[in-house]
Amino acid sequence: MSVVAMIGAQWGDEGKGKIADVLSREAAAMARFNGGNNAGHTVVVGETKIVLRLVPVGILRPDVRCYVGRGCVVNPAYLLEELGRLRDLDVSADNLTVDWHCHLILPYHIELDKAGDETLGRWRLGTTGRGIGPCYADKASRLGLRLADLFDEKRLTERLGALADRHAPTLKALGVDVDEKEVMAGLKEAAPKLERYAGDVAAAMREEVAGGEKVLLEGAHGLLLDLNYGTYPFVTSSTVHAGGAAAGLGLPCGFVDRILGVVKAYQTRVGEGPFPTELEDEPGERLRQHGNEYGSTTGRPRRCGWLDLVLLKYSVEVAGVDLIALNKLDVLDGVEPVKVCVAYELDGERLERAPAPFDYLEKVKPVYEELPGWPDGASGATSYGALPAAAKGYVDFIEDFVGAEVALVSTGPSREEGFMRREIFP
Ligand code: IMP
């Protein structure tokens, strides 16, 4: 048994696509357990950049079995679009199974998400507009439709009717119209195209682990966006925590051997919410340009800042991160000095740990430690030894501070740029 759960340890966009792609070389199976097409896992193969939002990154390797667990929400039209894009790249999705129980994102959810967020004023989240929150809300209200419902017309008609009726007054108040007949027609068209992918992912996952295969559980977003442990209310609506990997896939908890936290060498956030180390002017813009920090799902410019080690330590402790994959170290090439946040100040007091509740993050002032930069560049380094001394110092500083080993370092966007310092799969 060799199961690794990979999660983002910041506010998402840590570069999990690249890490998942590197690990897919070894994995026999890969599975998404949370979120939907609000995620965007980017892989660069040669000159081609591929963004996968729902299907696990392992689909790019023909021998990797891929699963989407019932912790995920699925927009049927979007899934077909993603499968179509894969087909255009000559990638077969024959190895893909999507759990019967995945809840469906419907046009109602998308409209409620977009129009609803706009009504929140100062509490607006800046969601991805993909209908994620309303879909999970309907799931929790026992109102949602699941993938399996697509294949039973009577059930589909009844359940869609109930959902449409429930949302009609809110949609009317928001001034939005969703045509139930059109929605039904879209679902009926999608059903036969999706039926071959629908299956019992929980049973398949148990077989995978019983067979002793290497399995990578591909988390989406980042712990600080977790519904329970993130910067609520500025979070997504799924469980990002590694505990969600077991629940979202139907794996008994004890089967997860190792938790890999993916960390970007600096901090970014897209959407609203507190961000103590945010850099607003030239230094922030420099990170945005050098790191190409624009949302892979919405194209929005990401907010950028110095690495917040206080929050990273929180993520490592809360999610039980054993190993770290450090991404985009090369983006800091030429920055002098490099700052990291090692504590906060709140009302004249020094805080060594993230404040509880997190709402105080809006008021804290970061306390920085300045580390020497590396003008000679970490870009493209393929071994720890090839890193400039100061870049090694940066890696070591992170490890010591958060108490987790940096097992993998990425020094550029392509598959070849970076190195592994120890095995990730046990
Ligand atoms: P939602 O997930 O679309 O509901 O958006 C809720 C919040 O999470 C917004 O601030 C989004 O920008 C943020 N968010 C959701 N998914 C991601 C992600 O994969 N990367 C970064 N931010 C995300």
Side-chain angles (χ1 to χ4, degrees), residues 6-20 32-43 51-57 71-75 78 82 103 105-106 108-120 122-140 218-241 244 248 261-264 266-275 278 288 291-305 311 315 327-328 358 361-362:
M6 179 196 83
I7 63 161
Q10 293 156 310
W11 279 295
D13 309 319
E14 296 91 353
K16 294 178 292 296
K18 163 150 185 196
I19 304 301
R32 276 278 304 269
F33 60 84
N34 72 316
N37 60 319
N38 50 343
H41 292 182
T42 304
V43 180
V51 183
L52 290 161
R53 304 187 200 288
L54 192 56
V55 175
V57 158
C72 296
V73 286
V74 171
N75 176 330
Y78 175 76
E82 188 157 300
H103 275 249
I105 302 175
L106 301 171
Y108 302 91
H109 300 132
I110 295 170
E111 296 302 334
L112 287 167
D113 188 16
K114 288 190 200 154
D117 205 32
E118 289 306 320
T119 65
L120 290 176
R122 126 164 173 73
W123 295 102
R124 183 182 163 269
L125 271 84
T127 72
T128 59
R130 300 296 190 264
I132 304 297
C135 181
Y136 278 113
D138 274 356
K139 176 179 179 178
E218 184 183 334
H221 325 302
L223 187 86
L224 301 172
L225 290 171
D226 180 273
L227 184 58
N228 286 302
Y229 296 98
T231 49
Y232 192 90
F234 302 102
V235 294
T236 190
S237 299
S238 66
T239 298
V240 178
H241 191 287
V262 184
V263 176
K264 184 153 31 183
Y266 47 96
Q267 203 83 14
T268 61
R269 175 161 208 170
V270 54
E272 305 303 318
F275 184 170
E278 182 167 13
R288 190 171 303 116
N292 189 24
E293 295 297 348
Y294 294 89
S296 59
T297 299
T298 57
R300 290 180 289 178
R302 295 179 185 140
R303 300 156 65 193
C304 297
L311 284 178
S315 294
N327 250 323
K328 290 194 152 183
F358 262 164
L361 282 182
E362 307 221 359

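Whatever order the structure lists them in is the order used to number ligands and atoms, beginning at 1.
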Problem set entry | atom 10 (O) of ligand 1: nearest protein contact (heavy atom, Å) | Val270 O, 3.3 Å
Seminar exercise, completed: For Lys328 and Tyr266 the tightest heavy-atom approach is CD-OH, 3.3 Å
Exercise. For ligand 1, which part of Arg53 has a heavy atom less than 4.0 Å away: the side chain, the backbone, both, or neither?
Worked result: neither
Problem set entry | Tyr232 atom OH: more than 12 heavy-atom contacts under 6.0 Å | no
Problem set entry | Polar contact flag, side-chain donor to acceptor under 3.5 angstrom, Thr127-Asp113 | yes
For this session: Decide yes or no for Tyr108 and Pro134: does some side-chain heavy atom of the first lie under 4.5 Å from some side-chain heavy atom of the second?
Result: no
Exercise. Which residue owns the protein heavy atom closest to atom 7 (C) of ligand 1, what's the atom, and how far is it?
Worked result: Val235 O, 3.8 Å
Exercise. Taking C-beta and beyond as the side chain, do Trp11 and Gln267 meet within less than 4.5 Å on heavy atoms?
Worked result: yes
Exercise. Which atoms of ligand 1 are found less than 4.0 Å from any heavy atom of Ala39?
Worked result: 19 (O)
For this session: Determine, using heavy atoms of Arg269 and all atoms of ligand 1, whether some pair is separated by less than 4.0 Å.
Result: no
Problem set entry | ligand 1 contact on Leu225 by region, counting heavy-atom pairs under 4.0 Å | side chain
Exercise. Where is the nearest protein heavy atom to atom 5 (O) of ligand 1: which residue, which atom, and how far?
Worked result: Thr127 CA, 3.5 Å
For this session: Indicate whether any N or O donor in one side chain lies under 3.5 Å from an N or O acceptor in the other, for Asp138 and His109.
Result: yes
Exercise. Between Thr42 and Lys18, is any pair of side-chain heavy atoms under 4.5 Å apart?
Worked result: no
Problem set entry | Heavy atom of the protein closest to atom 3 (O) of ligand 1 (residue, atom name, distance) | Thr128 OG1, 2.6 Å
For this session: Among all protein heavy atoms, pick out the one at the shortest distance from atom 9 (C) of ligand 1; state its residue, atom name and that distance to 0.1 Å.
Result: Gly126 O, 3.3 Å
For this session: Check if Ala220 has a non-hydrogen atom at a distance under 4.0 Å from any atom of ligand 1.
Result: no
Problem set entry | Closest protein heavy atom to atom 20 (N) of ligand 1, given as residue, atom name and distance to 0.1 Å | Asp13 OD1, 3.1 Å
Exercise. Any idea which atoms of ligand 1 are less than 4.0 Å away from a heavy-atom of Leu125?
Worked result: 10 (O)
Seminar exercise, completed: Checking heavy atoms under 4.0 Å, the part of Phe234 that sits near ligand 1 is neither
For this session: Starting from atom 18 (C) of ligand 1, find the nearest protein heavy-atom neighbour and note its residue, name and distance.
Result: His221 ND1, 3.5 Å
Problem set entry | Non-hydrogen atoms of Glu82 and Leu54 that approach each other most closely | OE2-N, 3.2 Å
Problem set entry | Phe275 CZ: over 12 foreign heavy atoms closer than 6.0 Å | yes
For this session: Looking only at protein heavy atoms, identify the closest one to atom 2 (O) of ligand 1 and say how far it is in Å.
Result: Thr236 OG1, 2.6 Å
For this session: For Trp11, counting its heavy atoms only, list the atoms of ligand 1 lying under 4.0 Å from any of them.
Result: 21 (C), 22 (N)
